[in-house]
Amino acid sequence: MQVQQRQMRQSPLLTSIVSVILGMLVGAVMMLVAGYNPIQAYIALFTSAFLMPYDIGETIRTITPLILTGLSVGLAFRTGLFNIGVEGQFIIGQLMSVIVALKLDLPPVVHVIVAVIAGAVGGALWAFLPGFLKATRGVHEVITTIMLNFIALYLANTLVRNWLSAGSDSTEKIPESASLRWDVLSSLFGNARIHLGLFLALAAAFVMYYLLWRTTWGFELRSVGFNPQASEYAGMSVKKNLVMSMMISGCFAGLGGATELLGTAEYLSIHGSHTGIGFDGIAVALLGANSPVGILLAASLFGILTYGGSVMQFEASVPYEVIRIVFAAIIFFVAANIVRWAGTKFRKKAVTKDA
Amino acid sequence: MNVVEMKGITKRFPGIVANDNIHLTVKEGEIHALLGENGAGKSTLMNILFGLYQPDEGEIRIKGEKVHVTGPSMAGKLGIGMVHQHFMLVDPFTVTENIILGSEPTIQGRIDREKAEREVQEISDRYGLRVDPRARIRDISVGMQQRVEILKTLYRGADILIFDEPTAVLSPQEIDELIEIMGNLVREGKTIIFITHKLKEIMRVCDSVTIIRRGKTIDTLQVKETDENRLASMMVGREVSFDVEKEQREPGETVLSIRDLRVADSRGADAVKGLDLEVRAGEIVGIAGVDGNGQTELLEAITGLRKTKSGRVRLNGKDITNLKPRSVTRSGVGHIPEDRHRRGLVLDFSIGENMVLQTYNLPPFAKGFRLQYSEIQEHAEKLVKEYDVRTPDIHTPARALSGGNQQKAVIAREVERDPDLLIAAQPTRGLDVGAIEFIHRRLIEQRDKGKAVLLMSLELDEVLKLSDRIAVIYEGKIAGWVDPSTAAEEEVGLLMAGGKSGAEVKS
């Protein structure tokens with residue numbers, strides 16, 4: 001028993017780094033097979049993500065929502081829940097903030113604050129439903145959150161067409177008073193779409209850390225996630241904590257949607273399918289081992305790959321899809337915990353050599 | 001003839017040597033005990049014999065021939081069968097289906113059920129296993145499930161049977177039955193290796209015993225030529241006292257009083273049916289009974305984990321019926337739960353965090369909503385030291401500790417809150433002699449401090465040894481009260497089985 005535990009106590013950082021390297025190797029093999037030069041492609045990828053201030057700004061802009069959706073998934077994981085509904089909560093966050101931005105007429109700073117809060121609250125409420133159903137009826141959150149993703153998508157589409165615009169495919173651009181962009185910041189980065197959402201994302205990472213590990217509420221949330229029965233024995237309310245953690249998770253996702261809308265897009269259009277940012281949050285959380293710092297790092301990597309990859313297709317004419325393969329491969333290696341597998345193999349060999 | 005010879009077996013795991021040059025020789029037709037504390041290396045050794053692990057050094061001879069046991073199927077071919085502590089049975093399947101699983105007799109591709117049932121019946125009769133081949137596993141008792149496991153090995157032609165702590169899950173009556181069956185098996189020429197840390201059982205059934213301590217063979221002895229005390233000190237490596245020293249004491253005021261309590265089990269059937277019970281300050285009341293007679297439901301009802309249907313529970317005169325667990329805890333109840341993994345600990349939490357599982361939001365561990373880690377750590381350091389919880393540090397997850405140390409942590413936490421009533425459910429289940437001794441002393445200490453202790457245990461020995469009064473529970477009611485100083489084990493056993501009591505001692 002003790003032996004197994006010792007083997008399990010390996011650094012998640014090592015797992016992540018090795019998985020990233022292996023994932024990129026898989027991508028390289030794919031490129032070779034398809035007749036591209038992987039070295040050239042990767043150089044193009046990483047340099048283009050940082051080439052000009054504009055690129056750096058755009059890379060950071062890509063990273064921002066990934067941090068928030070990653071935190072959303074990570075927090076849920078830490079409390080024993082699998083929130084696949086980040087995508088839907090993200091969309092509701094976008095929807096709520098665009099409604100406030102377009103339908104309310106408020107003074108500049110107040111307007112954007114209210115719009116951000118509306119998005120966060122929207123995400124939290126969207127996540128409340130699966131949490132409540134799980135607590136009271138025992139319905140598994142994976143099922144309900146997947147369904148709610150679709151409801152959120154089509155709800156947003158319907159409202160955009162019928163209420164937020166005059167029958168067109170997208171809303172008007174939001175007024176300046178509700179925008180998260182800040183001229184000083186944009187001008188530093190060559191007018192890239194970098195916005196203040198970055199600081200909200202960093203703050204959220206700190207909130208996750210402080211809440212989970214420094215407060216009595218976090219103690220309860222983690223305890224209930226690890227062992228509901230022991231938590232019940234210790235006098236905690238399992239149901240309340242379950243609903244709470246779903247709502248906080250949804251709040252992060254909604255915040256992600258709000259900042260993406262108020263900072264990056266500045267309007268909401270009809271989507272044929274999901275944005276994918278919510279689902280990428282699952283990958284970010286997994287690679288980041290559900291820790292706030294890990295999620296920041298993982299979101300940065302995926303942001304760089306995403307933005308650099310989209311430039312790479314022009315620079316080295318390697319299709320962007322290769323980068324999605326790299327994503328998938330990295331996640332595959334993390335999930336399969338290739339490091340541990342290799343570790344045990346290696347140890348076994350070492351032991352037999354001793355003998 | 002020696003049927004099993006394991007010579008110089010060494011097995012290393014990263015960081016530890018689980019088996020260090022172990023020798024084990026088992027003669028044909030004997031019951032050979034493998035005795036050792038938890039983590040001494042018994043299971044590793046048996047897993048090597050059963051082919052689950054490969055030894056790093058040493059050789060194995062079965063019936064004189066040198067073999068390499070490459071896996072369980074190889075072990076099966078060599079005639080080695082293992083009766084696992086945790087049964088490997090498919091619940092919705094019948095006894096026969098479970099037994100033939102993997103080696104089904106067929107006619108033209110269809111399972112020959114009749115033939116299989118006949119064979120199972122035959123083996124069952126031959127060894128006195130009394131198993132119904134057509135019964136479904138989920139409908140039969142734990143004892144019978146175990147006999148199905150035994151039958152499974154016999155059906156596959158095993159003549160060397162490894163029993164891994166077989167009595168841990170059985171009631172006293174079932175243990176008697178098992179011992180009888182073991183006798184039958186040996187009489188028919190089978191050889192049994194009996195893994196255990198219960199000395200009494202070794203003295204009762206075994207011919208010889210090999211003692212293992214910290215991965216090393218200490219000695220192999222003939223049971224006739226030794227005694228419990230000697231075995232215990234060889235196993236633990238120091239003198240162990242079995243007798244609990246307990247002064248006579250006058251109990252004080254009533255602390256816990258239960259009147260006409262009714263509690264339903266998870267399926268809605270009444271598990272506790274109108275039960276009365278009283279525990280006074282300065283006494284240990286033991287609840288003896290066969291598993292499944294309402295003990296679990298009773299304790300859960302007292303501690304607020306389960307709603308009662310009717311009746312009253314009072315603590316120090318105050319009504320605590322159906323209060324929430326937190327309110328019960330805070331009104332002065334400590335609870336060492338039956339299942340420490342499921343209820344008692346959050347295994348992924350550190351020892352430090354587990355030590356404040358109920359009090360994390362009270363000062364000094366919290367200021368408002370902020371946790372005060374320095375206080376939490378200080379508290380944990382103190383408890384770990386005082387209660388001799390062996391852990392690398394207080395940041396180690398509870399999961400990484402041995403069962404005994406996990407239980408010590410639970411006890412430290414519960415006793416430290418200084419409750420008026422301490423409920424201890426199966427406090428020493430699965431623990432070794434050293435830890436049991438420690439825990440028993442702590443329970444007595446609470447009694448001597450004038451606290452009320454309610455002890456529930458399936459180990460009759462334990463109840464008899466510790467209690468001032470014993471309530472025997474049968475089908476959700478107290479079937480009778482027994483005075484442990486005068487009662488014989490048989491008398492309690494009879495009450496536990498639902499028989500009428502000869503001497504009812506209501507004090």
Side-chain angles (χ1 to χ4, degrees), chain A residues 1-10 12 77-80 138 207 209-241 244 248 289-291 340 342-355, chain B residues 10-16 18 38-39 43-44 54-58 300 303-305 324-330 335 337 339-349 353-354 356-362 365-373 376 396-403 410 413:
Chain A
M1 276 296 271
Q2 282 167 341
V3 182
Q4 287 164 356
Q5 266 120 40
R6 212 160 295 165
Q7 284 171 352
M8 272 160 68
R9 236 186 283 162
Q10 37 145 346
F77 260 132
R78 284 278 179 189
T79 55
V207 167
Y209 160 75
Y210 192 83
L211 175 74
L212 283 188
W213 285 280
R214 292 282 141 186
T215 68
T216 55
W217 304 314
F219 189 93
E220 285 194 19
L221 289 170
R222 284 184 298 128
S223 177
V224 168
F226 282 135
N227 187 344
Q229 278 155 324
S231 307
E232 186 193 13
Y233 154 86
M236 304 170 193
S237 165
V238 174
K239 289 178 181 175
K240 190 191 90 190
N241 280 293
M244 278 308 290
I248 298 166
N290 303 318
S291 85
R340 172 148 131 234
T344 41
K345 285 271 162 189
F346 175 74
R347 281 201 194 93
K348 252 188 198 162
K349 268 198 187 134
V351 170
T352 23
K353 261 183 205 159
D354 282 0
Chain B
T10 296
K11 176 72 185 170
R12 295 184 197 92
F13 290 110
I16 56 163
N38 289 322
S43 299
T44 306
Q54 297 305 312
D56 296 326
E57 285 166 38
E300 286 186 348
T303 49
L305 291 166
K324 291 212 164 111
R326 176 159 292 167
S327 312
V328 175
T329 307
R330 299 215 168 141
H335 181 197
D339 188 335
R340 57 180 165 266
H341 287 169
R342 213 168 59 100
R343 285 269 192 217
L345 294 165
V346 177
L347 292 175
D348 298 292
F349 267 11
E353 287 172 311
N354 270 298
V356 292
L357 206 57
Q358 296 109 329
T359 47
Y360 61 93
N361 58 356
L362 296 177
F365 307 125
K367 262 189 200 155
F369 58 82
R370 282 172 320 181
L371 292 172
Q372 302 297 309
Y373 271 100
I376 292 173
T396 307
R399 187 183 293 286
L401 267 57
S402 72
V410 173
R413 182 183 71 210

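Because the structure is a prediction, the values reported are computed rather than measured. So that the names make sense, note that chain A is the first sequence line, chain B the second, and so on, each numbered from 1.
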Requested in this report: Assess whether side chain to side chain contact (heavy atoms under 4.5 Å, CB included) is satisfied between A:M236 and B:Y360, documenting all intermediate values.
Outcome: CA-CA 11 Å; A:M236 304 170 193; B:Y360 61 93; 3.5 Å; yes
Query raised in the report: So, A:N227 side chain and B:H341 main chain: donor-acceptor pair closer than 3.5 Å or not?
Result: yes
Query raised in the report: Do the side chain of B:R343 and the main chain of A:A230 share a donor and acceptor less than 3.5 angstrom apart?
Result: no
Requested in this report: To the nearest 0.5 Å, tell me how far B:K367 NZ sits from A:T216 OG1.
Outcome: 14.0 Å
Query raised in the report: Roughly how far apart are B:K324 NZ and A:E232 CD, rounded to 0.5 Å?
Result: 11.0 Å
Report summary line: With chain A, the option among B:E300, B:R340, B:Q358 that has the most non-hydrogen atom pairs under 4.5 Å is B:Q358
Query - Most contacts with chain A, counted as non-hydrogen pairs under 4.5 angstrom, among B:Q54, B:H335, B:R330, B:R342 - result: B:R342
By a 4.5 Å heavy-atom criterion (distance strictly below it), what part of [X] contacts chain A: side chain, backbone, both, or neither?
X: B:Y373; value: side chain
X: B:L345; value: backbone
X: B:V356; value: both
X: B:E353; value: both

Query raised in the report: After noting the C-alpha distance and the side-chain angles of A:Y233 and B:R326, does the key distance pass the side chain to side chain contact (heavy atoms under 4.5 Å, CB included) rule?
Result: CA-CA 8 Å; A:Y233 154 86; B:R326 176 159 292 167; over 6 Å; no
Query - Closest non-hydrogen atom pair, B:P325 against A:G235 - result: CB-CA, 4.1 Å
Query - Non-hydrogen atoms of A:A234 and B:L357 that approach each other most closely - result: CB-O, 3.4 Å
Report task. Fit a plane to each ring of A:Y210 and B:F369, take the angle between them on a 0 to 90° scale, and name the class: parallel (under 30°), tilted (30 to 60°) or perpendicular (over 60°). Result -> perpendicular
**Report entry** Intermediate values then yes/no, side chain to side chain contact (heavy atoms under 4.5 Å, CB included), A:T215 and B:L371
**Finding:** CA-CA 5 Å; A:T215 68; B:L371 292 172; 5.6 Å; no
